[in-house]
**Q** 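Got a structure here, written out as structure tokens. Questions coming.
We count residues from 1, following the sequence as given. These numbers come from the heavy atoms of this one structure, side chains and all, not from hydrogens, waters or symmetry mates. As the structure lists them, so they are numbered: ligands from 1, and atoms in each ligand from 1.
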Amino acid sequence: MDCIQITGGVPLDGEVWISGAKNAVLPIMVASLLCDGPSYISNVPHLQDVTTTMELLGRMGASLAMDDGMRIEIDPRGMHQFEAPYDLVKTMRASILVLGPLVARYGRAVVSLPGGCAIGSRPVDLHLRGLQALGAEVSVVNGNIEASAKQLKGANIIFDTVTVTGTENIMMAAVLAQGTSVIENAAQEPEVVDLAKFLNAMGAKISGAGSNTLTIEGVENLHGTEYSVLPDRIETGTYLVAGAITRGHVRVTRTRPRDLDSVIEKLRETGAVIEVGEDWIDLDMKGRRPLAVDITTAPYPGFATDMQAQFTALNTVAEGTAIITETVFENRFMHVQELQRLGANIRVKGNTAIIRGVDELNGAPIMATDLRASAGLVLAGLVANGTTTVDRVYHIDRGYEIIEEKLGQLGARIRRVASPRKTR
Ligand code: EPZ
């Protein structure tokens, strides 16, 4: 198991390019199962979750080819198995996304019930209820979700809670249903919009993407298409916070600024001078210490829960006291106790963290617990005195492409080392 070693104290300075969005490429790759020919997906990030998804689709019989230009060809014509087994689902919860497409296109699916994870219990009840509303038979047997339907029928579905992959699963199921479906209280994330655009490029008839109401007119079949995945707004936000926490000057390129309005507003509140172009964002702290900034997470267009850990880290060294409230997941403060090991002054009460900025953090060995928490720990290591070693860095490899190279490009003193062998 690798770990990442950082020697803090360097104000980052430079330019970094942004990869394709993890949370768009995963549903888009799965959606390619819905059509009757090959699809070509470009701007694909090199991430563990992409590799896992390729393995999942390959095991079902789809043929996949990836060229060195971050472009994947997925041809579902060899599909012969409609299962997502536990050994893959336990490493990537997003495997649940195969449920809708498999039932819609092949009439059946067996998907291991995703367990909980570090950030919460993460039930999938809304996914299952949505499929049942479309006419599927759904049961949970021996830890597996078993779903089947001869022909899905359009339905009106109202989600009690905004769910990103729930919206994506039901949208993918409804595109081949007989008749029209309406999804109310739908997720509005840019990644959901990207998936809808991909599906429409395949011949689906989806309207309202980006609003809280989606209308999907079922069609007979879908054809393969070419598509380029949108840039990753969470990766973008993470590198901007890296510039802010180190009092540096960072420009992120090949991104989509309009997806980060709430993050840019909060960074300006910390005192960052930010310029925005067509596909770039330039953040300059002018060498100043960031000011504490309050955050309350919410579904898009609110402040992204996936940016919470990064701003928690930023506030640990900011001037003043910040209140961070996590409204989306019930246990998304796993990074707090690791930040406390570096000397952070944070108190967690329920879903709220009270952070009193300290003048400095001191490096120590710490442990990653989940993808975005590990990003927050790396950011803290960039500003802590001395050396910080972040263990279990496989979490970070799931969602950040070559993070140590990109941060190194910005001047960070960072390297990946094999974890010291546990002595008996
Ligand atoms: C997606 O997860 C993202 N993952 C997450 O990113 C992200 O944090 C999350 O949306 C919120 O934005 C992917 O897109 C692959 P939800 P998802 O369903 O869809 C509850 C990352 O770091 N809920 O929107 O699983 C749930 O418990 C990952 O890239 C139900 O109660 O999240 C949570 O409290 C982490 N029943 C809330 O809804 C359900 O059936 C939002 O979850 C489904 C969800």
**Q** Report the relative orientation of the aromatic rings in Phe303 and Phe311; use parallel for angles under 30°, tilted for 30 to 60°, perpendicular for over 60°.
**A** perpendicular

**Q** Show me the donor-acceptor pairs within less than 3.5 Å that the side chains of residues 28-39 make with the rest of the protein, sequence neighbours left out.
**A**
unit_1, atom_1, unit_2, atom_2, d
Ser32, OG, Met29, O, 2.4
Ser39, OG, Thr225, N, 3.3

**Q** Can you tell me which residue among Asp306, Ile234, Asp232 is in a side chain to side chain contact (heavy atoms under 4.5 Å, CB included) with Asn23?
**A** Asp306

**Q** Which residues pass the side chain to side chain donor-acceptor pair (under 3.5 Å) test with Asp370, not counting sequence neighbours?
**A** none

**Q** Filter on side-chain hydrogen bond (donor to acceptor under 3.5 Å, both in side chains), then keep only pairs touching residues 144-159, sequence neighbours left out; what's left?
**A** Lys153-Gln178

**Q** Does Glu269 have more than 12 heavy atoms from other residues, nucleotides or ligands lying within 6.0 Å of its CD?
**A** yes

**Q** Mind jotting down which protein residues get a heavy-atom contact under 4.0 Å with ligand 1? Chain and number order, please.
**A** Lys22, Asn23, Ala94, Arg122, Pro123, Val124, Asp125, Leu126, His127, Thr161, Val162, Thr163, Val164, Thr165, Thr305, Asp306, Val328, Phe329, Arg332, Leu371, Arg372

